[in-house]
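Below, read A as the first sequence line, B as the second, and so on, with proteins coming before strands; counting in each chain starts at 1.
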There are 2 protein chains.
Amino acid sequence: MTDAIRRSRRSSGRLTLEDVARAAGVSPITVSRALRGERSVDPVLVERVREAAARLGYVPDPAARALASQRSTHVAVLIPLLTNTLFVDLLEAVQRTLRAQGFQTLIGVTHYDPREEEQLLREQLMHRPAGLIVTGFERSEETRALIQASRVPCVHVMETSRAPGVHCVGFSQQDAGQALTEHLLARGARRIAYAAAQLDARVMQRAEGYRRALQAAGCYDPALEFLRPEPSSFALGAQMFGRIVAEAKPDAIFFCNDDLAQGALMAAPRLGISVPRDVAVAGFNDLPGSDQLLPSLTSVRTPRREIGEEAAHMLLQLMRGEAISTSCVELAWSVVTRESS
Amino acid sequence: MTDAIRRSRRSSGRLTLEDVARAAGVSPITVSRALRGERSVDPVLVERVREAAARLGYVPDPAARALASQRSTHVAVLIPLLTNTLFVDLLEAVQRTLRAQGFQTLIGVTHYDPREEEQLLREQLMHRPAGLIVTGFERSEETRALIQASRVPCVHVMETSRAPGVHCVGFSQQDAGQALTEHLLARGARRIAYAAAQLDARVMQRAEGYRRALQAAGCYDPALEFLRPEPSSFALGAQMFGRIVAEAKPDAIFFCNDDLAQGALMAAPRLGISVPRDVAVAGFNDLPGSDQLLPSLTSVRTPRREIGEEAAHMLLQLMRGEAISTSCVELAWSVVTRESS
DNA sequence: CTGAAAGCGCTTACAG
DNA sequence: CTGAAAGCGCTTACAG
């Protein structure tokens, strides 16, 4: 009889359930159940197991667990970009909330490309994620089918939908767009342009809110919509600003995102345009820098951190098979009035 | 005899090696070897297996693979922030390169906190990553020991070191800081301030380059170093700019990062300071927006995308156990001269 | 409430 | 070059 535990040739040297079981004087399966918090384990044994696991420094093997249970502790997150602070804030909130519950986040950056999204999702699904967070509702039929067929719990972020069976956390992009436009109207503007890039679903929903406000005020003019499909950037904002002012002579411009609006404000002195005297400017998302520029930028503060937290919480409930109170959480935004309009 | 394959109660319904083996008329282990590209498999069989796998749409189970081989296809990456474009660019390059070779990236954001880094690393190591990428060399002794003990191949990014056994991809922060300071000297500046935040190792290495240049020119003055430990931001740059100009009356300011410098440029009109007439300004990293501001910002273009790619390639070699040519790759940066100095 | 057996889908180590 | 057996470290499904 020797104290040394004989290990097979292939042992990883890692502590296993069996080591803990031996230390606690129970069977491995009881350790498994106790550690996972399954009820129907004698509280006394649970305590003994917990103590032994802690003392030995036992850490369950995620691969073995995933193989045996057919579910991992990975959560796949699909977002369009990492270069927009919006999504970084969202992501950090998701990651912080999920980490605290033992889940890892696998990030997929789609670059607003439906084919890239589909490819990323396929790769992520191979890892049998326990949950999925995707941005908005706009995607290829194939991607939608993959999500459905995978039966992986899924939460949509940024937009809202009341469709049955859909889980989402976001806010009404349309209402926010409308409110910002109404702010510009209230400041006396009548020829209000909408300047947008990327043209993803959310940008177009803001456009819809813009139209609604202007139609209600009787001053909607389709010629004042400037829609560019390329990615949003400071440079594009600067370029669009110069052109729109020269061509359309608006008294206000609603840029669909702060980066475009910031680019416009940076270019204004060079173009010899005074904001808001010559033209008022507003952005969307209230990104870093908008409060620093001269003039400071009027924008819409969007609840991305809250969206990330709520979405993670909702997903945790879904992954645990718990009943959830609301399948669609709508969060609040606010218009931030500054010097530019 | 029935065509339906009888599956056990616990089958995941997933295609397995055995399905492919049956289709190809070989044993499962041969399929495993063929698909992993192990030599010592008859090329004819390899072809037959490949064809069968492709036809059936077989995808190996990462969990089973990880459990059996004691190594996953995860690569853990530790970076300080996601809110600095610098690290996003780095990360995207890493992710793109590794994905192409079948590896997944697990991102850990340390927020420049050694304790958070250690905690994240512990969590990541539980997943037995196949490789590790960490930022710089500054970390707790515990974290260093964890990396060492894990025996997971590790590449350090952003900085360089010739220490034996260390793998790194980066550039000389000190040389770059020196070159930018020399540029300011060449433009006639003598009272050159160094304005820094966060004060991580790289920021201090740039400071060292700044000192070297000024000492060589005989105009180093410690009173012109303004070091703030809090995180870098536009607002802090604006605040520091006003104070430094008022207190020290420098003829140039070298901000350790573009976000500080951009904040300064945004605040300049409000403060009634004309750049570069009253004071020249330079930044570091050439972030988005630096070419758009008025005046446009002189900066140092840093090779973060290249660092990401090279680091991923180096790590791939290490993970495959291949011999690597250089364990320290030093990449080129360049001073970008614009209107601000 | 507890446990022995079987299995998750791969790879390793050993034979031949 | 190929394969049968055993094993990676867990959890499921079945008994009791």
**Asked** What is the distance, rounded to the nearest whole Å, between atom CD of B:E38 and atom P of C:dT12?
**Response** 7 Å
**Message:** Side chain of A:R33 only, heavy atoms from C-beta on: which candidate in D:dC10, C:dT2, C:dG9 is closest?
**Reply:** C:dT2
**Message:** So if I take every side-chain heavy atom of A:D61 and compare against D:dG9, C:dT2, C:dC10, which nucleotide ends up nearest?
**Reply:** D:dG9
**Message:** If the cut-off is 4.0 Å, is B:R36 near the phosphate of C:dT12, judged by side-chain N/O to OP1 or OP2?
**Reply:** yes
**Complete:** Taken to the nearest whole Å, CE/A:M126 to P/C:dC10 is 12 Å
**Message:** For DNA chain D, please output the secondary structure as dot-bracket, reading 5' to 3'. Pairs are Watson-Crick or G-U wobble, both atom distances under 3.5 Å; mark crossing pairs with [ ], other-strand partners with |, unpaired with a dot.
**Reply:** |||.||||||||.|||
**Request:** Rounded to the nearest angstrom, tell me the gap between atom CG in B:L67 and atom P in C:dT12.
**Result:** 12 Å
**Asked** Is there a donor-acceptor pair closer than 3.5 Å between any side-chain N or O of B:T30 and the backbone N or O of B:V26?
**Response** no
**Message:** Classify A:S40 by what it touches in the nucleic acid, base, sugar-phosphate, or nothing, heavy-atom distance under 4.0 Å.
**Reply:** base
**Asked** So which one's nearest nucleotide on DNA chain D is more toward 5', A:E18 or B:P43?
**Response** B:P43
**Request:** State whether A:R115 and A:E118 are salt-bridged, where the test is any N-O pair (Lys NZ or Arg NE/NH1/NH2 against Asp/Glu carboxylate O) under 4.0 Å.
**Result:** no
**Asked** Do any N or O atoms from the side chain of A:Q95 and from the backbone of B:I107 form a donor-acceptor pair under 3.5 angstrom?
**Response** yes
**Request:** Please check the phosphate of C:dG3 (OP1 and OP2 only) for any side-chain N or O of A:T30 closer than 4.0 Å.
**Result:** yes
**Prompt:** What's the closest nucleotide to the B:S69 side chain, out of D:dC8, C:dG3, C:dT12?
**Reply:** C:dT12
**Request:** Let me know the distance between CG of B:L35 and C1' of C:dC10, rounded to the nearest Å.
**Result:** 12 Å
**Prompt:** Are B:H156 and B:F137 near enough that their ring centres are under 6.0 Å apart?
**Reply:** yes
**Prompt:** Which part of the nucleic acid, if any, lies within contact of B:P28, taking any heavy atom under 4.0 Å across all strands shown: a base, the sugar-phosphate backbone alone, or nothing?
**Reply:** nothing
**Request:** Report the C-alpha distance between A:R96 and A:E92 in whole Å, list the side-chain angles of each, state the deciding distance to 0.1 Å, and finish with yes or no for salt bridge (Lys or Arg N to Asp or Glu O under 4.0 Å).
**Result:** CA-CA 6 Å; A:R96 195 175 344 100; A:E92 288 232 30; 5.5 Å; no
**Complete:** The reported gap from CZ in A:R304 to CG in A:D89 (rounded to nearest 0.5 angstrom) is 4.5 Å
**Phosphate-side-chain proximity, A:S27 and C:dG3, N/O vs OP1/OP2 below 4.0 Å** = yes
**Asked** D:dT11, C:dC10, D:dG3: which one has an atom nearest the side-chain heavy atoms of B:I29?
**Response** D:dG3
**Value in whole Å for how far the C1' atom of C:dG7 lies from CZ of B:R14** = 16 Å
**Prompt:** Is there a donor-acceptor contact under 3.5 Å from the side chain of A:D61 to the main chain of A:A64?
**Reply:** yes
**Request:** For A:V31 and for B:G25, locate the closest nucleotide of DNA chain D by heavy-atom distance; then report the residue assigned to the nucleotide nearer the 5' terminus.
**Result:** B:G25
**Complete:** In whole angstroms, the gap separating P of D:dT11 from CZ of A:R65 amounts to 5 Å
**Separation of C:dG9 C1' from B:L15 CG (nearest whole Å)** = 12 Å
**Item:** Atom-pair distance (NE2 on B:H127; P on D:dG9), nearest Å
**Value:** 16 Å
**Asked** Under 3.5 Å, side chain of A:T326 to main-chain N/O of A:V329, donor-acceptor pair present?
**Response** no
